[in-house]
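Residue numbers run from 1 in the order of the sequence given. Whatever order the structure lists ligands and atoms in, that order sets their numbers, starting from 1.
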Amino acid sequence: MKRDERAFWNERVRDIAPYTPGEQPRDRRFVKLNTNENPYPPSPLVIEALKQAVDDRLRLYPDPECWELREAIAGRFEVQPEQVFAGNGSDEILAFAFGAFFADKVLFPDITYSFYPVYAQLWGVPFERPQLSGDFSINLDDYTKESLHAGVVFPNPNAPTGRSMDALAVLSIVTARKDSVVIVDEAYAAFAKKNLSAAPYIATNPNLLTIHTLSKSASLAGLRVGFAIGDESLIEGLRRMRDSFNSYTVDRLAQVGAVAVMKDKAYYDYITRKVVNTRERVSAALSSMGFEVIPSDANFIFIRSPSRKGEVLFERLREKGVLTRRFNDPRIADFLRVSIGTDSDMDMFLEACRE
Ligand SMILES: *Cc1c(COP(=O)(O)O)cnc(C)c1O
């Protein structure tokens, strides 16, 4: 007998269409190119710091304000610790930011990170989704015209397309919307060919918030740490949200590991370069096989087969043990998003594509 599983849900839970994360397979061994994890291990300094932190101090709550971590991040980005917020992954910070800063309306591209519409719906913020142009680039006009009171959020580079904008283009949006918060989700900024981060401009633009994560470039998706950089008043807004929800979102070990990340720039520059080199090699190889490859500044590529439907290609690759990511939006149904793995992962992927 099946009772109504929705019987105890309130309207909010009944109506929400939750985000679906990429599959984390538990049985078969796959070449896993579906969730943009980094194929290289975290810095040895991070592993060592974590091991050293596993002791009886775990009985104590962590520092709710994450001061040591915020000081380390501030040092790296040349800002003040008061301009930094740390959270349990950048997804959590995005959820807080939607709740704290958006009200009448928020704009984000029709093709972008599929968590944004979920947060908007969760907080009851109406949203509009201007179309990317045919080559998947963002039309600046869509975000700079009219002075309607609307917040903006987009990733730079965008996901799942990998296309990026330079910092000046981002700034033109920020300065056109002085009355609203503009959130730039820089989850993949470390993999860009040129530095495109808007973080250096937060001091002169109090409506700008950049959001960063250790999940991709720092090889720490399992640790759950993200951070935001912005004017002190925005950081305080995030803090008010967090402290109305859970004051200890970043646990003791996560804080320790994240501090260590900030101390090993050389290692992370090295693995980032490797990922970028592999991305360029694989992109060229796919192009020469006739694939459409959107120019990527991220640790993934967005590709379309010249002959196979997206669904078919996805399934064939899966049968061959290569896991990629596909989206249901009809505009991108024939594209696959493929994370950049190690060179040998990608050789297996290319071999599967050739077959
Ligand atoms: C992966 C990703 C995130 C989430 O990162 P976490 O810090 O792991 O929560 C946020 N935004 C975009 C665009 C991403 O691709």
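Of all the heavy atoms in T249 and N246, the pair that sits closest is CG2-O, 3.2 Å. Contact between F30 and V322 at its shortest, heavy atoms only, is CD2-N, 4.1 Å.
The pair R239-E65 meets the salt-bridge criterion, with a side-chain N (NZ, NE, NH1 or NH2) lying under 4.0 Å from an Asp/Glu carboxylate O.
The single protein non-hydrogen atom nearest to atom 11 (N) of ligand 1 is D185 OD2, 2.6 Å, given as residue, atom name and distance. When hydrogens are left out, the protein atom nearest atom 4 (C) of ligand 1 is D91 OD1, 3.1 Å; that is the closest non-hydrogen contact.
Proximity of Y188 to ligand 1, defined as any heavy-atom pair under 4.0 Å, is confined to the side chain (atoms from C-beta onward). In S90, the parts holding a heavy atom less than 4.0 Å from any atom of ligand 1 are both the side chain and the backbone. Within the 4.0 Å heavy-atom criterion, the part of R224 lying near ligand 1 is the side chain and not the backbone.
Considering backbone and side-chain N/O atoms, N36 never comes within less than 3.5 Å of an N/O atom of ligand 1. Looking at ligand 1, you'll find an N or O of T213 within less than 3.5 Å of one of its N or O atoms.
For ligand 1, the atoms lying closer than 4.0 Å to a non-hydrogen atom of K216 are 1 (C), 2 (C), 3 (C), 4 (C), 5 (O), 14 (C), 15 (O). The S215 neighbourhood of ligand 1 comprises atoms 6 (P), 7 (O), 8 (O), with distances under 4.0 Å to a heavy atom of that residue. Numbered from 1 in the order shown, with element, the atoms of ligand 1 that lie under 4.0 Å from a heavy atom of G89 read 7 (O), 9 (O).
With sequence neighbours left out, R354 forms a salt bridge (Lys or Arg N to Asp or Glu O under 4.0 Å) with E351.
The only member of Y19, F98, F108 that meets ring pair (Phe, Tyr, Trp, His ring centres under 6.0 Å) when paired with F115 is Y19.
No side-chain donor-acceptor contact under 3.5 Å links Y268 and N38. For the residue pair T278 and D343, a side-chain donor N or O sits within less than 3.5 Å of a side-chain acceptor on the partner.
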